[in-house]
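Here's the structure, in structure tokens; my notes come after.
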Protein chains: 2
Amino acid sequence: MRIGELARLSGLTPSRIRFYERIGLLKTVDRQSNGYRTYPQQAVMILGLVTTAQRAGFTLDEVRTLLPSDLTHWDHATLMDALTRKIADIEALQARLAQSRVHLLRLIEDIQARPNDMDCAANAHRVLTNMLAEHPKALDVTSDDIRLLDATDRRQSVSPARRKKTVSR
Amino acid sequence: MRIGELARLSGLTPSRIRFYERIGLLKTVDRQSNGYRTYPQQAVMILGLVTTAQRAGFTLDEVRTLLPSDLTHWDHATLMDALTRKIADIEALQARLAQSRVHLLRLIEDIQARPNDMDCAANAHRVLTNMLAEHPKALDVTSDDIRLLDATDRRQSVSPARRKKTVSR
DNA sequence: GCTAACGTTGAACATAAGTTCAATGTCAAG
DNA sequence: CTTGACATTGAACTTATGTTCAACGTTAGC
């Protein structure tokens with residue numbers, strides 16, 4: 001199977017498959033005499049595995065260290081450990097999101113709770129002061145956890161035409 | 001107040017404050033005759049507001065469009081709308097995280113549920129097949145929502161010395 | 001033999017939110 | 001008058017995950 005067919009079967013783009021090979025996530029693949037890559041059937045499953053892991057919040061780096069060269073020969077202990085830690089990461093994130101959510105809800109309430117005898121400017125000042133006062137120094141979550149959100153989103157990138165123009169830097 | 005003091009009072013770095021000015025988040029500031037920036041007391045509150053909004057999941061772009069030039073004169077309707085939508089975003093993310101979490105829990109269970117008469121290789125195949133079979137085409141969340149996780153994390157960047165070496169590209 | 005579709009490569013670009021650096025200027029204290 | 005702390009600027013760099021492009025080679029069908 002050549003890269004185009006693998007792309008169709010896996011739902012990934014050829015460039016993405018080549019990219020995975022380039023960063024060492026996929027081991028170097030066989031070539032035809034013309035230089036074309038040739039993949040075994042199994043490659044579809046490997047790619048499916050990678051995207052599934054990504055959706056679950058694993059980085060490509062993590063996938064690379066977990067993925068064995070032989071799909072039937074996993075490092076059971078390491079894998080279980082990684083899965084368990086990823087669940088803990090998710091739970092930490094859930095806590096942070098819950099915090100943000102109540103924070104915003106309280107803010108909305110606070111804005112609407114303007115005393116009748118207070119003008120908008122004074123209310124703005126009151127709300128701001130309240131807001132900046134509650135500053136619980138934020139829950140700390142490791143930066144690895146950011147990836148949990150990237151999964152499905154970065155994937156369908158915006159076409160160049162409707163990209164926001166960047167600030168001159 | 002010069003930039004160093006503002007940095008101390010706000011907890012941000014001077015480079016970050018200059019960066020905010022550069023992207024138009026902070027309006028151009030007064031200068032002393034030597035070219036040094038001079039900030040009013042209010043600047044501390046503005047910066048506090050920006051970081052608070054970031055922690056709540058707003059991008060700098062969003063903050064820029066919401067932040068009025070006069071802190072006492074907010075666009076009430078637009079602000080409320082943005083807050084409400086941000087809460088909805090958070091809830092969508094919570095749903096996605098909950099999904100990922102049960103997905104991982106089920107995977108762990110499935111791995112451990114190896115029938116006694118099945119060898120590891122066959123079990124690996126069974127688990128993989130199960131996993132790739134449940135492919136609910138993922139919840140769709142807008143890419144804006146990624147930012148919700150970035151907030152507190154990207155901030156404390158790793159020192160150059162212990163940075164992971166990048167793959168040659 | 002031409003054309004379209006596919007393949008190859010390396011390099012550059014994109015995002016978001018900054019940091020880091022080099023070259024240079026200013027200022028207060030000793 | 002020198003030293004150290006602070007300020008200025010523009011440019012380049014960072015992370016992670018790819019996409020896009022240009023220049024070129026291969027192959028199948030007509």
Side-chain angles (χ1 to χ4, degrees), chain A residues 1-8 12-23 25 29 31-39 50-51 54 57-64 143-169, chain B residues 1-8 12-23 25 29 31-39 50-51 53-55 57-64 143-169:
Chain A
M1 174 177 12
R2 290 180 307 183
I3 200 167
E5 194 184 355
L6 178 59
R8 246 174 296 111
L12 309 192
T13 60
S15 74
R16 192 167 159 193
I17 298 172
R18 290 196 202 96
F19 171 72
Y20 285 171
E21 184 182 339
R22 189 147 49 93
I23 63 173
L25 178 57
V29 76
R31 302 291 187 125
Q32 289 172 335
S33 54
N34 52 15
Y36 287 13
R37 292 170 176 80
T38 313
Y39 297 91
V50 170
T51 58
Q54 278 191 289
F58 289 88
T59 67
L60 294 181
D61 240 49
E62 289 172 318
V63 175
R64 176 174 38 211
S143 75
D144 286 339
D145 302 323
I146 300 176
R147 229 40 53 199
L148 281 165
L149 270 292
D150 269 358
T152 38
D153 304 311
R154 188 106 61 180
R155 211 150 314 314
Q156 64 262 347
S157 86
V158 182
S159 82
R162 56 173 298 273
R163 246 170 196 145
K164 288 176 215 158
K165 47 179 180 285
T166 38
V167 171
S168 97
R169 311 172 42 165
Chain B
M1 173 175 17
R2 289 180 307 183
I3 201 168
E5 194 185 355
L6 177 59
R8 246 174 296 112
L12 309 191
T13 59
S15 75
R16 195 167 158 192
I17 298 172
R18 290 195 202 98
F19 171 72
Y20 284 171
E21 183 182 340
R22 187 148 48 95
I23 65 172
L25 178 56
V29 74
R31 303 290 186 125
Q32 289 171 337
S33 54
N34 53 14
Y36 288 13
R37 292 170 177 81
T38 313
Y39 297 92
V50 171
T51 58
Q54 277 189 289
R55 285 215 315 283
F58 288 88
T59 66
L60 294 181
D61 241 46
E62 290 172 317
V63 175
R64 175 173 40 213
S143 74
D144 285 339
D145 301 324
I146 300 176
R147 225 45 49 201
L148 280 164
L149 270 292
D150 269 0
T152 38
D153 305 311
R154 188 108 61 183
R155 214 149 311 312
Q156 65 259 348
S157 85
V158 182
S159 83
R162 55 173 299 274
R163 244 170 198 146
K164 289 177 212 153
K165 47 178 179 285
T166 37
V167 172
S168 98
R169 309 176 44 171

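Every chain is numbered from 1 and lettered A, B, ... according to where its sequence line falls, protein lines coming before strand lines.
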Using atom CZ of B/R22 as one end and atom C1' of C/dA16 as the other, report the distance to the nearest whole Å. 13 Å

Begin from the C-alpha positions of A/R64 and A/I23 and carry the test side chain to side chain contact (heavy atoms under 4.5 Å, CB included) through to its verdict. CA-CA 9 Å; A/R64 176 174 38 211; A/I23 63 173; 4.1 Å; yes

Is any side-chain heavy atom of B/R18 less than 4.5 Å from a side-chain heavy atom of B/I3? yes

Can you name the residues that form a side-chain hydrogen bond (donor to acceptor under 3.5 Å, both in side chains) with B/T13, not counting sequence neighbours? B/S15

Residue met sooner reading DNA chain D from 5', once B/G4 and A/T13 are mapped to nucleotides: B/G4

Sugar-phosphate, base or nothing in reach of B/R37, heavy atoms under 4.0 Å: sugar-phosphate

Starting from P on D/dT15, measure out to CG on A/D61 and report it in whole angstrom. 11 Å

Between A/Q32 and B/R18, whichever has its closest DNA chain D nucleotide further toward 5' is B/R18

Are any of B/Q54's side-chain N or O atoms less than 4.0 Å away from OP1 or OP2 of C/dG18? yes

Quick one: OH on A/Y39 to CE on A/M1, what's the gap to the nearest 0.5 Å? 9.5 Å

Just how far is it from atom CD1 of B/I17 to atom CG of B/L25, taken to the nearest 0.5 Å? 11.5 Å

Once you build an axis from the first five pairs and another from the last five of the helix from C/dG1-D/dC30 to C/dG30-D/dC1, how far apart in angle are they, to 10 degrees? 30°

Kindly indicate whether the side chain of B/Y20, heavy atoms from C-beta on, has any atom under 4.5 Å from the side chain of B/R16. yes

Spacing of B/Y39 atom OH relative to D/dT8 atom C1', expressed in whole Å: 11 Å

Between P on C/dA16 and CD on B/E62, what's the gap in Å once rounded to a whole number? 10 Å

Distance, rounded to the nearest Å, where A/L60 contributes CG and D/dG18 contributes C1': 9 Å

Heavy-atom nearest pair, B/V29 first then B/T38, reads CG2-O, 3.2 Å

Please report the distance, rounded to the nearest Å, between CD1 in B/I23 and C1' in C/dT15. 13 Å

Distance below 4.0 Å between B/S15 side-chain N/O and C/dG18 OP1 or OP2: no

CZ of B/R16 versus C1' of C/dA16: gap in Å, rounded? 12 Å

Taking only N and O in the side chain of B/R31, is any of them less than 4.0 Å away from OP1 or OP2 of D/dT9? yes

I need the CZ-P distance between A/F19 and C/dA12, as an integer number of Å. 17 Å

Counting primed atoms, P, OP1 and OP2 as sugar-phosphate and everything else as base, the B/S/- map of nucleotides 22-30 of chain C against protein heavy atoms under 4.0 Å is ---BBS---

Could you tell me which residues satisfy side chain to side chain contact (heavy atoms under 4.5 Å, CB included) with B/R8, sequence neighbours excluded, listed by chain and number? B/E5

For B/E21, what residues pass the salt bridge (Lys or Arg N to Asp or Glu O under 4.0 Å) criterion, not counting sequence neighbours? B/R37

